[in-house]
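Down below is the structure, laid out as structure tokens.
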Amino acid sequence: MKARLPRVSEWLSETQPDVLLIQETKLKQDLFPHDAMAELGYESAHFGQGQWNGVAILSRVGLSDVQLNFAPGIEQDGEARIISATCAGIRVMSCYVPNGRELDHDHYVYKLSWLNRLRQHLDATCSASDDVIVGGDFNIAPEDRDVWDVKAFENATHVSKPERDALKQVCEFGLEDTFRKFHDEDSLFSWWDYRGGSFHKGHGMRIDLLLATSSVVERSTWTAIDRNARKGEQPSDHAPVLLRVSDV
DNA sequence: ATGGTGGCTGGGCCA
């Protein structure tokens with residue numbers, strides 16, 4: 001968030017979303033640029049730890065009932081990976097799901113545990129009949145059509161069955177991958193590795209998701225991945241995913 | 001596709 005403040009500010013000014021969910025701020029809790037965001041018209045809430053992880057929610061339509069980490073009663077995570085808030089009557093959550101690293105790595109076990117606790121967090125704090133959006137970097141490509149080449153992902157994280165099943169368990173709370181309401185195409189990606197010219201080769205994955213409850217899905221009218229944001233100077237390796245939700 | 005780039009730092013880790 002520090003290195004890309006100019007890009008984020010420019011993008012906010014041009015795109016003017018009502019709400020923005022940010023992951024991997026890599027900032028200590030109190031170093032988030034709340035003032036710079038306020039100058040652009042956005043309230044902001046940040047859950048940070050510095051150096052790694054960190055999640056935030058920006059809103060110009062209200063920001064209340066902010067919750068850091070999982071709800072009380074659920075095993076708290078040691079890292080700053082989820083923040084929840086209510087914006088314009090919608091409960092929104094900004095999630096940075098653990099990467100997993102390797103299938104036989106402890107971090108992969110942590111990834112599955114984290115997703116299980118995300119489901120617990122949903123069960124504990126809201127209902128499927130509420131307006132809920134759970135968004136962020138899930139580090140999971142839901143289906144094979146969401147990666148550039150399945151053969152390149154054999155025995156790799158992001159596509160394995162256990163993590164996809166864990167994501168399904170999250171969705172079975174009553175959430176839907178909003179992108180697929182509007183787009184059936186394969187090879188539409190939200191992340192490309194910095195290395196090896198992946199972006200220019202089209203070697204990407206769709207791992208950034210906006211999951212929503214049915215009342216939000218019904219009001220959704222449009223979605224897109226802003227891949228232009230992956231271009232230019234000092235881009236993030238992720239592109240923003242946009243969802244338009246009509247007023248009640 | 002066992003390297004490669006980028007950002008945190010201030011050497012090495014993480015993605």
Side-chain angles (χ1 to χ4, degrees), chain A residues 1-11 20-34 36-37 46-56 69 77-83 94-115 118 135-142 144-160 162-164 166-167 186-187 189-209 225-241:
Chain A
M1 191 60 182
K2 187 168 132 190
R4 314 208 192 289
L5 187 56
R7 291 293 301 256
V8 172
S9 299
E10 179 186 40
W11 188 87
L20 175 63
L21 311 180
I22 298 176
Q23 299 81 41
E24 242 190 313
T25 60
K26 295 191 178 181
L27 290 175
K28 285 196 171 69
Q29 176 87 10
D30 57 0
L31 291 184
F32 192 85
H34 295 287
M37 299 298 101
H46 179 229
F47 180 26
Q49 62 180 83
Q51 187 170 11
W52 292 309
N53 311 311
V55 284
N69 215 324
D77 199 65
E79 303 185 340
R81 292 182 177 275
I82 180 169
I83 184 170
S94 178
C95 303
Y96 179 40
V97 178
N99 174 289
R101 299 182 193 167
E102 310 287 342
L103 293 181
D104 60 356
H105 200 288
D106 286 346
H107 206 261
Y108 183 75
V109 177
Y110 169 51
K111 183 179 198 173
L112 298 179
S113 159
W114 198 94
L115 288 161
L118 173 58
D137 176 2
F138 281 78
N139 272 313
I140 298 170
D144 287 352
R145 59 178 164 164
D146 296 313
V147 300
W148 63 278
D149 182 3
V150 264
K151 293 191 292 294
F153 288 86
E154 280 178 26
N155 300 313
T157 58
H158 294 65
V159 301
S160 73
E163 61 196 290
R164 282 177 170 171
L167 176 60
D186 59 11
S187 302
F189 306 135
S190 65
W191 177 88
W192 299 261
D193 202 310
Y194 287 121
R195 299 167 291 188
S198 296
F199 181 64
H200 298 286
K201 293 176 184 170
H203 293 181
M205 290 192 265
R206 192 176 69 88
I207 56 176
D208 300 279
L209 312 175
I225 301 172
D226 185 3
R227 70 188 297 284
N228 285 329
R230 181 62 176 77
K231 305 175 183 176
E233 295 291 315
Q234 287 189 289
S236 167
D237 46 356
H238 295 258
V241 181

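Worth saying up front: this structure is predicted, and the values here are computed from it rather than measured. Numbered from 1 within each chain, the chains take letters A, B, ... in sequence-line order.
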Measure from [atom1] on [X] to [atom2] on [N] and round the result to the nearest Å.
{"X": "E24(A)", "N": "dC14(B)", "atom1": "CD", "atom2": "C1'", "result": "8 Å"}
{"X": "Y96(A)", "N": "dC8(B)", "atom1": "OH", "atom2": "P", "result": "13 Å"}
{"X": "N53(A)", "N": "dT9(B)", "atom1": "CG", "atom2": "P", "result": "13 Å"}
{"X": "L31(A)", "N": "dG7(B)", "atom1": "CG", "atom2": "P", "result": "18 Å"}
{"X": "H105(A)", "N": "dA15(B)", "atom1": "NE2", "atom2": "P", "result": "9 Å"}
{"X": "E102(A)", "N": "dC13(B)", "atom1": "CD", "atom2": "C1'", "result": "14 Å"}
{"X": "L5(A)", "N": "dC8(B)", "atom1": "CG", "atom2": "P", "result": "11 Å"}
{"X": "N155(A)", "N": "dA1(B)", "atom1": "CG", "atom2": "C1'", "result": "14 Å"}

Checklist entry - Atom CD1 of I140(A) and atom CD1 of I207(A): how far apart are they, to the nearest 0.5 Å? => result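 Reported value, rounded in 0.5 Å steps: 9.5 Å.
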[atom1] gap between [N] and [M], integer Å:
{"N": "dG7(B)", "M": "dG3(B)", "atom1": "P", "answer": "23 Å"}
{"N": "dT5(B)", "M": "dT9(B)", "atom1": "P", "answer": "22 Å"}
{"N": "dC14(B)", "M": "dG4(B)", "atom1": "C1'", "answer": "15 Å"}
{"N": "dA1(B)", "M": "dA15(B)", "atom1": "P", "answer": "24 Å"}

Checklist entry - Among dC8(B), dA15(B), dA1(B), which is the nearest nucleotide to the side chain of W148(A)? => result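 So the side chain of W148(A) is nearest to dA1(B).
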Item to check | Given DNA chain B, 5'-ward residue of the pair S198(A) and H107(A), judged by closest heavy atom | outcome: S198(A)
Checklist entry - Of T25(A) and N139(A), whose nearest nucleotide on DNA chain B comes first from the 5' end? => result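 It is T25(A) whose nearest nucleotide is closer to the 5' end.
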Checklist entry - Who passes side chain to side chain donor-acceptor pair (under 3.5 Å) against R7(A), sequence neighbours left out? => result none
Next on the checklist: Could you work out, with side chain to side chain donor-acceptor pair (under 3.5 Å) as the rule, every residue matching R230(A), not counting sequence neighbours?
Outcome noted: none
Item to check | For R81(A), salt bridge (charged side-chain N to carboxylate O under 4.0 Å, His left out) partners two or more places apart | outcome: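 So R81(A) forms a salt bridge (charged side-chain N to carboxylate O under 4.0 Å, His left out) with E79(A).
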Checklist entry - What residues, two or more places apart in sequence or in another chain, satisfy side chain to side chain contact (heavy atoms under 4.5 Å, CB included) together with N69(A)? => result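 Here the qualifying residues are F47(A), Q76(A), D77(A).
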Checklist outcome for this item: Hits for side chain to side chain contact (heavy atoms under 4.5 Å, CB included) against A156(A), two or more places apart or cross-chain, chain-then-number order -> F153(A)
Checklist entry - Near K231(A) NZ, under 6.0 Å, is it more than 12 heavy atoms from other residues, nucleotides or ligands? => result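 More than 12 within 6.0 Å, yes.
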All N/O contacts under 3.5 Å from nucleotides 4-6 of chain B to the protein, with atom names and distances to one decimal?
from, atom 1, to, atom 2, distance (Å)
dG4(B), N1, R195(A), NH1, 3.3

Checklist entry - What is the nucleic acid contact for A152(A), judged by heavy atoms within less than 4.0 Å: base, sugar-phosphate only, or nothing? => result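 Contact class for A152(A): none.
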Checklist entry - OP1 or OP2 of dA15(B) less than 4.0 angstrom from a side-chain nitrogen or oxygen of H238(A), does that happen here? => result no
